[in-house]
Amino acid sequence: QKIGGHRYMIRYLKQYKFLLFLTALFTAISSLSYVFIAILLQQVMDIVDMGDMDGFIRILLFSLAYFALMGVFMYLQSLFSKKFVCKIMKAVRSKTFIGIERHTIEDYSKNNTADYLSAITNDVKMIEDNYLLPLLQVIQYTIIFIASLAVMIYFDIIVTVCVIIAIAIMLVVPSLFGGLLSKRQDKYSDMLSDFTNHVKDLLSGFEVIKSYQMKKYVLSRFEISNEDTIKAKYSVDKAIAANEAVSMVLALLVQVVVVFLSAYFIIIGRISAGALLGMVQVSSNLANPLLIIFSNIPKIKSIKPITQKLNNLSDYKEQNTNTKKSPSFKKMIYVDDLHFSYDKENEVINGISLSIDKGKKYAFVGKSGCGKSTFIKLIAGYYSNFKGDVLYDADSLSVLDIDKITALSSVIHQNVYMFDESIFDNICLHEDFSKEELQSVLSDSGLSQFIEQVPNGLKYHVGENGDNLSGGQKQRIAVARALIRKKPLLILDEGTSAIDMQTAYDIESRLLAISDLTLLTITHNMSSDILTLYDEIVFMADGKIIEHGTFEELITKHAAFYDFYQLKK
């Protein structure tokens, strides 16, 4: 849904309307007090011109009190405006992050993680710099301008009319730069996203860079990306500079008109010297506010593509779960003539049909790239754009609540992700489980001995993505994380391929011993000791199931699986 930059921000302005009101109130008071200095100066000059010492002392004392009170109101204005900006920034970030978290796995994977990071950091910062701060400045200086215009009329109506004519010329400036600035801001946002993506990619591959001495290439790639980003920023800055320069020249025109007309009126005796001083003071309150207002309006208009991007993320629409059924897995999952392609051209899954009975253990084997992981992800509800059907008991995947389907299964990948927290937190994931449940999964996953050996036991900090753990320890924590939730379906997606054979055998055999657990294992481990424990071996090639059966049945057939098994051996 297309949405304008201002319309997108209205929701947040309404959310904090009382804080906005207080900010505007103290902005108005402090701005008016600033403008009325011109009248104060006029009074001082006229008193001095008359040689009135008593009047001078009175206005001096009044001025001291006036400036002290003015300082208080300016502090309150600054305080509330900063609080207002902080609240809006927090709300925009939160809503964007919540919207990202609402994404299905399928939709989330359409973008790079760095794109989401850039939206939450760079784009939200651009909302502050190019919408919130300029908006508050426009409010402040609009009040100053209107009040200054009223004071100018108080001094002399003819000068005021001339000033209004000069101002009318300035009104065309924002329209000249708004569209150009908007396009360049959009390009800059894209470049920031690409830059974040490149930096994340390079830092994630730090070990590879060091091991293969890629320093020259990496520095070159970084410099190119950095240069492109700076060029995009400079392109925005040039448009802003041109806008500000033209606005400044036109704003100075206002002051020139005021100074020369006021000087002429003093010569002909129309106004006093105090009025001249007051008008020179107030003319700066006409010129400078206009300069700031007209340089900020294009910034506010330019934010539209950024707000469109954030709106798409924050207002991501989940499926209508009210019309979807809750899935059940009491008997079986049936896959019927399943076809799937990532690019709509090359089929990764090509006509698979298979029954998966509850409580049984299945091992999926085959060459890398044959479609094993994709097939498992389709069963788990990761993707929706497939042909054929997947049925949980008798219900088609298309009529089921996807979130509840993914909640039926636990997936353990080859690269297990660990949060930078304790072992306990990485197992429980901040859910409540009993001590008995925790002890049970520590035993079933083989973690008990390790927990006894490390400092602080379950409170041991695993480090960034589990840097303080070995591969086997991370896998065991992942198993415990999956088992404690007692989901009926556990998927081991090459979850033991990155660890030693003994640890892998120990983990798999423990899982195979859990009678009421349906286990789907993608494996390259061709150990007969472990494969004989599975109820069924599913051998895949080129996106198809070539044959399936028990290990003994497939070996006896001397067909495709037998050849693959012998080759692996």
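All values below come from the heavy atoms of this structure, side chains included, with hydrogens, waters and symmetry mates left out. Note that this is a predicted model, so its numbers are computed, not measured.
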* So does Lys187 have more than 12 non-hydrogen atoms from other groups sitting under 6.0 Å from NZ? -> no
* Asked: Which distance, rounded to the nearest 0.5 Å, do you find between the CG of Leu117 and the OG1 of Thr196?
  -> 7.5 Å
* Reported CZ-to-CG distance for the pair Phe80 and Leu136, which is rounded to 0.5 angstrom -> 13.5 Å
* To do: Using modelled atom types only, decide if a donor and an acceptor are shared between the side chain of Thr96 and the backbone of Val92 within a distance under 3.5 Å.
  => yes
* To do: Working to the nearest 0.5 Å, report the span between CG of Asp186 and CE of Met126.
  => 8.5 Å
* Asked: Any chance CZ of Phe424 has more than 12 other-residue heavy atoms, nucleotides or ligands included, within less than 6.0 Å?
  -> no
* Output, in order, the C-alpha distance, side-chain angles, deciding distance and verdict of side-chain contact (heavy atoms from CB on, under 4.5 Å) for Ser326 and Asp401. => CA-CA 6 Å; Ser326 295; Asp401 185 342; 5.6 Å; no
* Criterion side-chain contact (heavy atoms from CB on, under 4.5 Å) on Leu20 and Lys14, from CA distance to verdict -> CA-CA 9 Å; Leu20 177 59; Lys14 286 182 176 179; over 6 Å; no
* What are the two closest non-hydrogen atoms of Ser189 and Ile306, and how far apart are they? -> CB-CD1, 3.2 Å
* Asked: Do any N or O atoms from the side chain of Asn426 and from the backbone of Phe419 form a donor-acceptor pair under 3.5 angstrom?
  -> yes
* Minimum-distance pair of heavy atoms, taken over all atoms of Lys95 and Asp315 -> CE-OD1, 3.4 Å
* Starting at CG of Leu192, measure out to CG of Asp228 and round the result to the nearest 0.5 Å. => 12.0 Å
* Structure fact -> Here the pair of heavy atoms bringing Ser31 nearest to Ile144 is CB-CG1, 3.5 Å
Using distance only, find each side-chain donor-acceptor pair of residues 235-242 under 3.5 Å and give its atom names and separation, not counting sequence neighbours.
{"residue": "Ser235", "atom": "OG", "partner": "Arg184", "partner atom": "NE", "Å": "3.2"}
{"residue": "Asp237", "atom": "OD2", "partner": "Lys233", "partner atom": "NZ", "Å": "2.8"}

* To do: For the pair Tyr392 (side chain) and Ile379 (backbone), establish whether a donor and an acceptor sit closer than 3.5 Å, ignoring hydrogens and angles.
  => yes
* Got Val462 and Glu421 here, is their nearest side-chain heavy-atom distance under 4.5 Å? -> no
* Structure fact -> Between Lys125 and the options Asp129, Asn122, Asp123, the side-chain hydrogen bond (donor to acceptor under 3.5 Å, both in side chains) test singles out Asp129
* Asked: Do side-chain atoms of Ser341 reach the backbone of Asn346 as a donor and acceptor pair under 3.5 angstrom?
  -> yes
* Asked: What do you reckon, is CD of Glu431 surrounded by more than 12 foreign heavy atoms closer than 6.0 Å?
  -> yes
* State, yes or no, whether a side-chain contact exists between Arg93 and Thr121 at a heavy-atom distance under 4.5 Å. => no
* Verify side-chain contact (heavy atoms from CB on, under 4.5 Å) between Leu135 and Leu13, making sure each step is shown before the conclusion. => CA-CA 11 Å; Leu135 178 65; Leu13 300 182; 4.2 Å; yes
* Side chains of Tyr131 and Thr307, donor plus acceptor under 3.5 Å -> no
* To do: Answer yes or no: is there a donor N or O on one side and an acceptor on the other, between the side chain of Asn312 and the main chain of Gln308, under 3.5 Å?
  => yes
* Is it true that Asp115 and Lys309 make a salt bridge, defined as a side-chain N closer than 4.0 Å to a carboxylate O? -> no
* Between Ser33 (side chain) and Ser30 (backbone), is there a donor-acceptor pair under 3.5 Å? -> yes
* Spell out, as yes or no, whether a donor-acceptor pair under 3.5 Å connects the side chain of Ser220 to the backbone of Lys216. => no
* Asked: Any side-chain heavy-atom pair from Ile477 and Val416 closer than 4.5 angstrom?
  -> no
* Of all heavy-atom pairs between Leu32 and Ala147, which one has the smallest distance, and what is that distance? -> CD2-CB, 3.4 Å
* Whether His430 side chain and Asp425 backbone form a donor-acceptor pair below 3.5 Å -> no
* Do Leu408 and Lys487 come close enough that some side-chain heavy atom pair is under 4.5 Å? -> no
* Decide if atom OH of Tyr34 counts as having more than 12 heavy atoms of other residues, nucleotides or ligands within a radius under 6.0 Å. => no
* Mind checking whether Ile333 and Leu489 have side chains closer than 4.5 Å, heavy atoms only? -> yes
* Does the side chain of Arg485 come within less than 4.5 Å of Phe433's, by heavy atoms? -> yes
Anything under 3.5 Å between a donor and an acceptor, one on a side chain of residues 383-390, the other on a protein residue two or more places apart or in another chain? List them.
{"residue": "Ser384", "atom": "OG", "partner": "Glu106", "partner atom": "OE1", "Å": "2.8"}
{"residue": "Asp389", "atom": "OD1", "partner": "Ser396", "partner atom": "OG", "Å": "2.7"}
{"residue": "Asp389", "atom": "OD2", "partner": "Ser396", "partner atom": "OG", "Å": "3.3"}

* To do: Flag the pair Phe195 / Phe222 as yes when their ring centroid distance falls below 6.0 Å, and as no otherwise.
  => yes
* Asked: Can you name the closest pair of heavy atoms from Ile349 and Leu338 and give their distance?
  -> CG2-O, 3.4 Å
* **Test side chain to side chain contact (heavy atoms under 4.5 Å, CB included) applied to Lys474 and Asp467, Val479, Asn465, Asn468, the passing residue** => Asn465
* So, the side chain of Ser78 versus the backbone of Tyr75: is there a donor-acceptor pair under 3.5 Å, distance only? -> no
* Asked: Which distance, rounded to the nearest 0.5 Å, do you find between the OH of Tyr12 and the CG of Leu132?
  -> 11.0 Å
* To do: Begin with the C-alpha distance, continue with both residues' side-chain angles, and end with the deciding distance and a verdict on side-chain contact (heavy atoms from CB on, under 4.5 Å) for Asn350 and His339.
  => CA-CA 5 Å; Asn350 187 7; His339 294 258; 3.4 Å; yes
* Does any non-hydrogen side-chain atom of Phe67 lie less than 4.5 Å from one of Ile37? -> yes
* Asked: CZ of Phe18: more than 12 outside heavy atoms within 6.0 angstrom?
  -> no
* To do: Please work out which of the three classes, parallel, tilted or perpendicular, describes the rings of Tyr116 and His103, given edges at 30° and 60°.
  => perpendicular
* **Heavy-atom side-chain proximity of Ile224 to His198 below 4.5 angstrom** => no
* To do: Answer yes or no: does atom CZ of Phe97 have more than 12 heavy-atom neighbours from other residues, nucleotides or ligands under 6.0 Å?
  => no
* Once you round to the nearest 0.5 Å, how far does OG1 of Thr23 lie from CG of Leu79? -> 9.0 Å
* **Exercise: identify the closest heavy-atom pair between Ser314 and Arg11** => OG-NH1, 4.2 Å
